[in-house]
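Working notes for the structure below.
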Amino acid sequence: MTGTSSPEDGGGGMSHADSATEAFLAHRNLLFTVAYEMLGSAADAEDVLQETWLRWAGVDLGTVRDQRAYLVRITTRQALVRLRTLGRRKESYVGPWLPEPLLTAPDVAEDVELADSVSMAMLLVLETLTPTERAVFVLREVFDLAYDEIAEAVDKSPAAVRQIAHRARAHVAERRPRGVVSPAETRGALEAFQRAVETGDLQRLLDILAPNVVLLGDGGGVVPAALAPVVGADQVAQVLGRISVRGSLRPAQVNGHPALVFRSDGEIDTVMAVRIDDGLIAGLYAVRNPEKLSRMERETTLRR
């Protein structure tokens, strides 16, 4: 096999091609989830999967003891390369950078650990890790890979991986959202928020915002958005109060959690995810960059 065609392209007839394709497709959703959690970008995750396929197609399957682990290893290595490139790209990004939102199937929300790991808030915490720390944390804490498997994926010794995992865990624990918020609590806060925005009721808006709420808007320099975080209930309410809802504001499952999608003239304008703390909205993540909204038109399947 030349390894130049994607498994979706068909072709084949060769037993090696069929076996390689079958194994890749069996684990594709898992591999996408690994890449997405490492990168925060669905577009880059898809590129990583293409690179993974090209390398996997050239592997002698007879030498592979654990196909899942081998595929995860290739994906992780390709994601690490892409993550370092992304880091340079983000340095010149206009305004706050937010992960690419995904319209997710209901079963993602049912897996509490998976939903927590792909939430906007958690993905932003993972952004504060080094590339290797992020890879180790994701593979160990989310996908429960053994240390020796992770060591092969990141080219470190198992002992070094244990140290990196410990350091990354402590770092995330300091910054991750406090406590687990039920979907019902999030939906309740979102419904109140939606009513306040739609009616332009400033007081109702202030009632649902935490005093130290932070609004991050990602326009990427393509569409208008605040170029710095907006902090504090009064300031955030003033920004939101200027929004004229001339379209539809509807709930959706985004990255495993309830969120709001604003459409204008039938097109998605903004995806608004939230972080809830003590029943109040403590974080607002407004993704407006059109280049990041394509995965909101169809459900994305995530797997562990």
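It should be emphasised that the depicted structure is a prediction, and the values quoted were computed from it without experimental measurement.
Put simply, L240 and I276 are part of the same group of oily side chains (I, L, V, M, F, W, Y) that touch within less than 4.5 Å, one to the next. Connection of L293 to L39 is not established within any shared hydrophobic cluster, with ILVMFWY side chains joined at heavy-atom distances below 4.5 Å, either directly or through further cluster members. Both M120 and L103 are part of a single hydrophobic cluster, where members link through side-chain heavy atoms under 4.5 Å apart. Cluster annotation: F193 is not connected to V214 through the hydrophobic network of ILVMFWY side chains, with a link wherever side-chain heavy atoms come within less than 4.5 Å. Under the 4.5 Å side-chain heavy-atom criterion for ILVMFWY residues, a single connected hydrophobic cluster contains both V181 and V213.
Y70 and W56 have tilted rings, their planes meeting at an angle from 30° to 60° on a 0 to 90° scale.
Of all heavy-atom pairs spanning S157 and A151, the tightest one is C-CB, 3.9 Å. Annotation for L209 and A233: closest pair CD1-O, 3.8 Å, computed over non-hydrogen atoms. When all heavy atoms of V172 and L129 are compared, the pair lying nearest together is CG2-CD1, 4.0 Å. Summarising the geometry of W97 relative to G40, their closest heavy-atom pair is CH2-O, 3.9 Å, with the distance given to 0.1 Å. Across all their heavy atoms, L102 and A42 have their closest contact at CD2-CB, 3.7 Å. Across every non-hydrogen atom of V287 and P101, the tightest pair is CG1-CD, 3.8 Å.
Here T132 contributes atom OG1 and K156 contributes atom NZ; the two are 5.5 Å apart, rounded to the nearest 0.5 Å. Atoms CZ and CD1, on R162 and I150 in that order, are 9.5 Å from each other to the nearest 0.5 Å. Expressed to the nearest 0.5 Å, how far CZ of R28 lies from OG1 of T33 amounts to 10.0 Å.
We find that R77 and D155 are joined by a salt bridge, their nearest charged nitrogen and carboxylate oxygen being less than 4.0 Å apart. A salt bridge does not link E191 with R187: none of the charged nitrogens is closer than 4.0 Å to a carboxylate oxygen.
A heavy-atom distance below 4.5 Å is not found between the side chains of T75 and M38. Residues H171 and E133 are not in side-chain contact: their nearest non-hydrogen atoms beyond the backbone lie 4.5 Å or more apart. Using a 4.5 Å heavy-atom threshold, the side chains of E37 and L302 count as separate. Looking only at side-chain heavy atoms (C-beta outward), P99 and E127 stay at 4.5 Å or farther from each other. Taking the side chain as every heavy atom from C-beta outward, R288 and D269 approach each other to under 4.5 Å. In this structure, the side chains of L216 and L124 come closer than 4.5 Å at one or more pairs of heavy atoms. Looking at R169 and E141, their side chains come closer than 4.5 Å, going by heavy atoms from C-beta outward. Between Q253 and P258, some side-chain heavy-atom pair lies under the 4.5 Å cut-off.
Just one residue in the list R140, R68, R73 forms a side chain to side chain contact (heavy atoms under 4.5 Å, CB included) with L145, and that residue is R68. Applying side chain to side chain contact (heavy atoms under 4.5 Å, CB included) to E110 and the options D107, L114, V112, V108 leaves one that passes, D107.
Not one N or O on the side chain of T21 forms a donor-acceptor pair closer than 3.5 Å with the backbone of D18.
Donor-acceptor pairing under 3.5 Å is recorded for the side chains of D207 and Q203. At a cut-off of 3.5 Å, with distance as the only test, a side-chain donor of N289 or Y93 sits close to an acceptor on the other residue.
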- Message: What verdict does the salt bridge (Lys or Arg N to Asp or Glu O under 4.0 Å) test give for E51 and R82, after you've listed the backbone C-alpha separation in whole Å, the side-chain angles of each residue and the deciding distance to 0.1 Å?
- Response: CA-CA 11 Å; E51 291 294 328; R82 184 60 60 105; 5.6 Å; no

